[in-house]
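As structure tokens, the structure follows; a few thoughts come after it.
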2 protein chains.
Amino acid sequence: MERQPFASAANVSERLAQPPALAISTVIFALRPSAASGRPTLWLPLVRRIREPFRGMWALPGGPLTQADSLLDAAARNLRDTTGLAPSYLEQLYAFGGLHRSPSQRVVSIVYWAMVQPTEAEMAQESENVKWFRADGLETLAFDHNHIVDYALWRLRNKMAYGSIAYHLLGEKFTLAQVREVYEAVLDRTVDPANFRRQLKQTPHIEATEEYLQGGKHRPPRLYRYTGTMAEDSPVP
Amino acid sequence: MERQPFASAANVSERLAQPPALAISTVIFALRPSAASGRPTLWLPLVRRIREPFRGMWALPGGPLTQADSLLDAAARNLRDTTGLAPSYLEQLYAFGGLHRSPSQRVVSIVYWAMVQPTEAEMAQESENVKWFRADGLETLAFDHNHIVDYALWRLRNKMAYGSIAYHLLGEKFTLAQVREVYEAVLDRTVDPANFRRQLKQTPHIEATEEYLQGGKHRPPRLYRYTGTMAEDSPVP
DNA sequence: CCGAGTTAAAGTCAATTTGACTACAACTAA
DNA sequence: TTAGTTGTAGTCAAATTGACTTTAACTCGG
């Protein structure tokens, strides 16, 4: 991503001549049970920087735009290389291009965001340099990445209301209570179970299966399936 | 923007080494009375390309990202330089980065969109190389710019429902009927005047003035003012 | 095997919002 | 002065929403 270890006079004059560096980064959201309450909460994987600037700090996974890939492909490829993830939902979030996002060199980052299902999330093995964090109350990250995560959270809360994002955080089959828990986790408020059920039953792309989730402590809930696609909300690009 | 007049063997090998070119373009919407019905409809200014590729064809105003400007500043500056416009509403739309958007060189375009008020729109003088077009039924444009305009229209229709965009297409003071006409133009359907009025009266940032629009043919309507800001919908960036 | 406890799922009902429509007000044009 | 047109307020039934109750289906502890 950002290569120059420090700024020099040469760098500064070059800055006017050479085009800005183009980076692709991704904010990845997944649901994990909170350590405290056990309820699902939003988490995201971060990678530790192994170079200057911000060496040793945590940052969004990303890298330079590979020439042979479209923006989406570049995001997907980088995600696989750095975290091992292959998310079922991956969409462009925003292009950040402030002048001082990175010391020394001007960097324009095209940021994607992803939702991964619990089974997918397990693919992102934690290691010395890859770790999952709770999305709220994040420590200070490299570059302007706190800012980017905050923006992603704001968009997530907005899109939740009328979008299909929730289903991409769940597995293939899910109970209505699980969907409700996603809403509660993201919107950070309780939702009436009965009314929520009534709403979902008249939205498209939610299909009841004949299966029930067994092994719970009480009456087994029916399992549902989401039959929509990722492109349900954003069409052309 | 795209400089190479034609592709060469040297170009192709260089493509892998040098970063993609970064361009900023803008889709500008304004309201103008339709020639046929007289009702307001969506128009946008386009500029004629004076270089290859696509020389002579119409395209969105844009240019390379200037090094000293943020993305927003670069969009605003370019808009002023090419069309003379200084829109009151200017926001990032999407980053387009397909591999073959431009012949010869890879170009990533960060596209902004703007809404200009009627008085502002007059600043964009038509000339040999700058002309206003109706947003729907556009002729074939340079690059993938038809695709970009279609996407902008889709976003506009979506955002209209719960956003503040309509007011940025109108002047400082406006009648409720004018707001309704904007909705009708963008959503392409009729809206009940009485019900629309009831809705608007309980939305924030719409303030009644003590003035009335005189000179009409019938009962003069009250003028209103929008007191919100551009950042009402999109917060952080 | 029974009853308490818990969650799923369906149903009730009043309050609010929406869509279609009516009525009246305020102006222009003839 | 009157007919025509648009602005504005109000009415009413239908649809939607939020708070709540009821019944069903299961587990677990005795």
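All values derive from a computational prediction rather than experimental measurement. As a basis for the values below, the full set of heavy atoms in this structure was taken, side chains included, without hydrogen atoms, waters or symmetry mates. Sequence lines set the chain letters: A, B, ... in the order given, protein chains first and strands last, and positions in each chain run from 1.
- A donor and an acceptor atom sit less than 3.5 Å apart, one in the side chain of A/Arg219 and one in the base of C/dA8.
- Minimum heavy-atom separation, A/Val179 to A/Leu170: CG2-CD1, 3.7 Å.
- The side chain of B/Asn195 lies closest to C/dA20, out of C/dA9, C/dA20, D/dG7.
- The interatomic distance linking B/Gln199 (CD) with C/dT16 (P) rounds to 16 Å, in whole Å.
- Contact of A/Arg198 with D/dG18 (side chain to base): a donor-acceptor pair of N or O atoms is detected under 3.5 Å.
- Residue A/Arg197 contributes atom CZ, which lies 17 Å from atom C1' of D/dG18 at whole-angstrom precision.
- Contact annotation: B/Lys201 side-chain N/O to D/dT8 OP1/OP2 distance is not under 4.0 Å.
- With respect to A/Lys159 and A/Glu91, a salt bridge is recorded, a charged nitrogen being found less than 4.0 Å from a carboxylate O.
- The interatomic distance linking B/Gln202 (CD) with C/dT18 (C1') rounds to 11 Å, in whole Å.
- Atom OH of B/Tyr212 is separated from atom C1' of D/dT8 by 10 Å (rounded to the nearest Å).
- Both A/Gln214 and B/Asp192 sit near DNA chain D, but only B/Asp192 has its closest nucleotide nearer the 5' end.
- Both B/Lys217 and A/Pro193 lie close to DNA chain C; mapped to their nearest nucleotides by heavy-atom distance, the more 5′-ward contact belongs to A/Pro193.
- Comparing B/Leu223 and A/Pro220 by the nucleotide of DNA chain D that holds the closest heavy atom to each, the one mapping nearer the 5' end is B/Leu223.
- Under a cutoff of 6.0 Å and an axis angle of 45°, A/Arg49 and A/Trp58 do not form a cation-pi pair.
- Nearest-nucleotide positions on DNA chain C for A/His218 and A/Ala194 put A/His218 closer to the 5' end.
- When the options A/Leu85, A/Val116, A/Leu79, A/Leu60 are evaluated for a side-chain contact (heavy atoms from CB on, under 4.5 Å) with A/Pro45, the one that passes is A/Leu85.
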